[in-house]
Amino acid sequence: MDDKEEQKALWQDKLLARKIATALADWFCKNGRLLPWRETTDPYKIWLSEIILQQTRIDQGTAYYFDFLKSFPTIESLAQASEEEVLRLWQGLGYYTRARNLHKAAQKIVHEWRGVFPSSYEKIRTLPGVGDYTAGAIASFAFGLSYPAVDGNLQRVLSRVYASREPIDSTVGKKLYLRLAHQIIEEGDASVLNQALMDIGATVCTPRLPLCDRCPLESFCKVANLPQAVDFPIKKRKVPLKDLYFFFFYLVDGEGKIVLEKRKKKDIWQGLYQLPLIESETPLKQEELREKVERMWGVEVAEHVEGKVLRAKHILSHRRLHLTFYRSSITTLFDESKTPWCEYRLISAEDLEQYPLPAAIFKYLPSFLEE
DNA sequence: ATCCTGGGAT
DNA sequence: ATCCCAGGAT
């Protein structure tokens, strides 16, 4: 008799999923967003858009999407580019691993599949930078395959509709929302249903102010029009902000050239360029900073610590960067052998914009150089 | 399986 | 203050 109960529950789940799917498809016809990468089923374009949009809002990402397609119209052209070219185009988007993986994945497609984008979920999922969400998005949008694409939007919508308190950042929660999404998209066109759920999350079922009266799922949703709707989804972890103290040095030599270094460490801004930098987890007193400068680059630049020019705070997700920029002249380039984790080079100041720089630098550079 | 990290916009 | 996915470390 438990069996019977279970059967009945399963059947009701399916029925609900079917109703939701129908409502979603109807809504999407009239209310789905028209986006450049939705006018194609070219997997390259869809992949590119998904990578760009992973941590980026549409209005910011769109320009990058077109710039990339202009510079790299084909997967081959992207594969043939240098990593630095790719990073330069990515400049300002953040999460630069996405750009490096995009580049690597293009090379993988060229070498392993002769430039033909793989058409099975499993193969797509092996591309660097492509996780469950992105693989599902490409598989369904480009190839019409029935895979869910569960991003933050879907998690929010589903946790609300089902009033699920299962945390989205738990293993159990991730599986649950994957299963719920799967149940729904099975009942129709996966591409349409995935996109409909995303659009509802983005435009109707928003984090702070859900517009339940405009939602096609209103009648199915356990928390529709209730104040507790905004409590979903639940998260278990929140990471405290960590302070970091970054001291940059804008050093000009006798010929007006400046020193630039390329980051090779596997932490933030990997592969990007920066002004010579002293990093610290604690604020540094003038004396300590001078000591570090001497240890790292030699005595000759110690005097630069005196010429403070600009201070700024730059907030990242789990980091609060306290930036200090110094400007000074140098007569000799410092000793590279002491800092194997970066490469130094002398460049002319006008060429600075040719190099991929983190936002924490290029954002403040103009006002810093005005002084 | 779980935790931590990457970076910028709003 | 909060949003966003993937991958590497533990």
Side-chain angles (χ1 to χ4, degrees), chain A residues 47-64 87 89-105 108 124-138 148-157 159 166-178 181 194 197-198 201-203 205-210 230-244 246 263-274 279 281 312-323 356-364:
Chain A
W47 167 53
L48 175 65
S49 73
E50 287 301 335
I51 302 299
I52 289 174
L53 265 30
Q54 270 173 6
Q55 274 82 10
T56 304
R57 306 183 127 72
I58 287 176
D59 50 1
Q60 191 201 1
T62 304
Y64 285 83
L87 283 173
L89 271 182
W90 201 266
Q91 184 184 71
L93 270 185
Y95 289 94
Y96 298 92
T97 298
R98 292 183 292 169
R100 290 192 301 273
N101 281 338
L102 192 74
H103 188 223
K104 281 186 208 146
K108 177 169 174 145
I124 295 169
R125 181 64 177 75
T126 67
L127 295 171
V130 175
D132 290 339
Y133 160 73
T134 307
I138 300 170
V150 182
D151 66 354
N153 286 319
L154 268 80
Q155 289 174 333
R156 186 170 56 254
V157 174
S159 66
E166 210 58 68
I168 55 171
D169 53 353
S170 72
T171 308
V172 174
K174 287 196 182 97
K175 278 189 189 154
L176 171 66
Y177 299 112
L178 202 62
N194 276 333
L197 283 165
M198 281 179 200
T203 64
C205 195
T206 52
R208 309 290 187 83
L209 197 80
V230 295
D231 298 339
F232 296 85
I234 308 283
K235 275 189 190 170
K236 59 181 169 99
R237 224 185 40 235
K238 46 177 173 286
V239 279
L241 227 53
K242 189 173 168 186
D243 289 279
L244 288 178
F246 280 18
R263 281 187 84 94
K264 289 156 78 182
K265 282 202 278 188
K266 278 199 175 316
D267 56 1
I268 68 171
W269 306 333
Q270 190 191 343
L272 271 64
Y273 288 81
Q274 65 188 12
E279 290 177 46
E281 298 197 349
K313 237 184 256 175
H314 191 76
I315 312 288
L316 307 173
S317 272
H318 347 285
R319 299 277 178 263
R320 186 189 289 117
L321 303 184
H322 301 260
L323 310 174
L357 301 170
I361 293 183
F362 72 70
K363 189 170 151 191
Y364 302 107

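We name chains A, B, ... by the order of the sequence lines, and we start the count at 1 in each one.
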ask   = Taking only residues two or more places apart in sequence or in another chain, which ones pass ring-ring contact (aromatic ring centres under 6.0 Å, His included) with A:Tyr177?
value = none
request  = Considering just the side-chain nitrogens and oxygens of A:Lys235, establish if one lies under 4.0 Å of OP1 or OP2 belonging to C:dC3.
outcome  = yes
ask   = A:Val150 versus A:Lys174: any side-chain heavy-atom pair under 4.5 Å?
value = no
note = Separation of B:dT2 atom P from A:Ile168 atom CD1, nearest Å, is 15 Å
ask   = What is the distance from CZ of A:Arg100 to P of C:dG7, rounded to the nearest Å?
value = 12 Å
query = Rounded to the nearest Å, what distance is computed from the CD atom of residue A:Gln54 to the P atom of nucleotide B:dT5?
reply = 20 Å
message = Nearest to the side chain of A:Lys175, heavy atoms from C-beta on, is which of B:dG6, C:dA6, B:dA1?
response = B:dA1
Restricting both atoms to N or O, compile the protein contacts to nucleotides 8-10 of chain B shorter than 3.5 Å, with distance only.
residue, atom, partner, partner atom, Å
B:dG8, OP1, A:Tyr96, OH, 2.8
B:dG8, OP1, A:Ala359, N, 2.8
B:dG8, OP2, A:His314, NE2, 3.4
B:dG8, O3', A:Gly92, O, 3.4
B:dG8, O6, A:Ser317, OG, 2.8

remark   = Applying salt bridge (Lys or Arg N to Asp or Glu O under 4.0 Å) to A:Asp59 and not counting sequence neighbours gives none
key: Contacts of type side chain to side chain donor-acceptor pair (under 3.5 Å), residue A:Gln60, not counting sequence neighbours   = none
query = Could you state the CD-C1' distance from A:Glu50 to C:dC5, rounded to the nearest angstrom?
reply = 11 Å
request  = Can you tell me the distance, in whole Å, between the CZ atom of A:Arg156 and the P atom of C:dT2?
outcome  = 14 Å
Whole-Å distance separating the CG atom of A:Asn101 from the C1' atom of C:dG7 = 8 Å
inquiry  = How many whole angstroms separate atom CD of A:Gln270 from atom C1' of C:dG8?
reply    = 12 Å
inquiry  = When you measure from the side-chain N and O atoms of A:Lys236 to the phosphate of B:dC3, is any distance below 4.0 Å, counting only OP1 and OP2?
reply    = yes
remark   = Which of C:dA6, B:dG6, C:dC4 is nearest the side chain of A:Ile268? It is B:dG6
query = Rounding to a whole Å, what distance do you find between A:Leu154:CG and C:dC3:P?
reply = 16 Å
A:Pro207 side chain, from C-beta outward: closest of B:dT2, B:dC3, C:dC3 = C:dC3
task = State, with a plain yes or no, whether a side-chain heavy atom of A:Lys104 is found less than 4.5 Å away from one of A:Leu127.
result = no
note = Residue set satisfying ring-ring contact (aromatic ring centres under 6.0 Å, His included) with A:Tyr64, at least two apart, ordered chain then number -> none
task = Would you please confirm or rule out a distance under 4.0 Å between OP1 or OP2 of B:dG6 and any side-chain N or O of A:Arg319?
result = yes
query = Taking only residues two or more places apart in sequence or in another chain, which ones pass ring-ring contact (aromatic ring centres under 6.0 Å, His included) with A:Tyr133?
reply = none
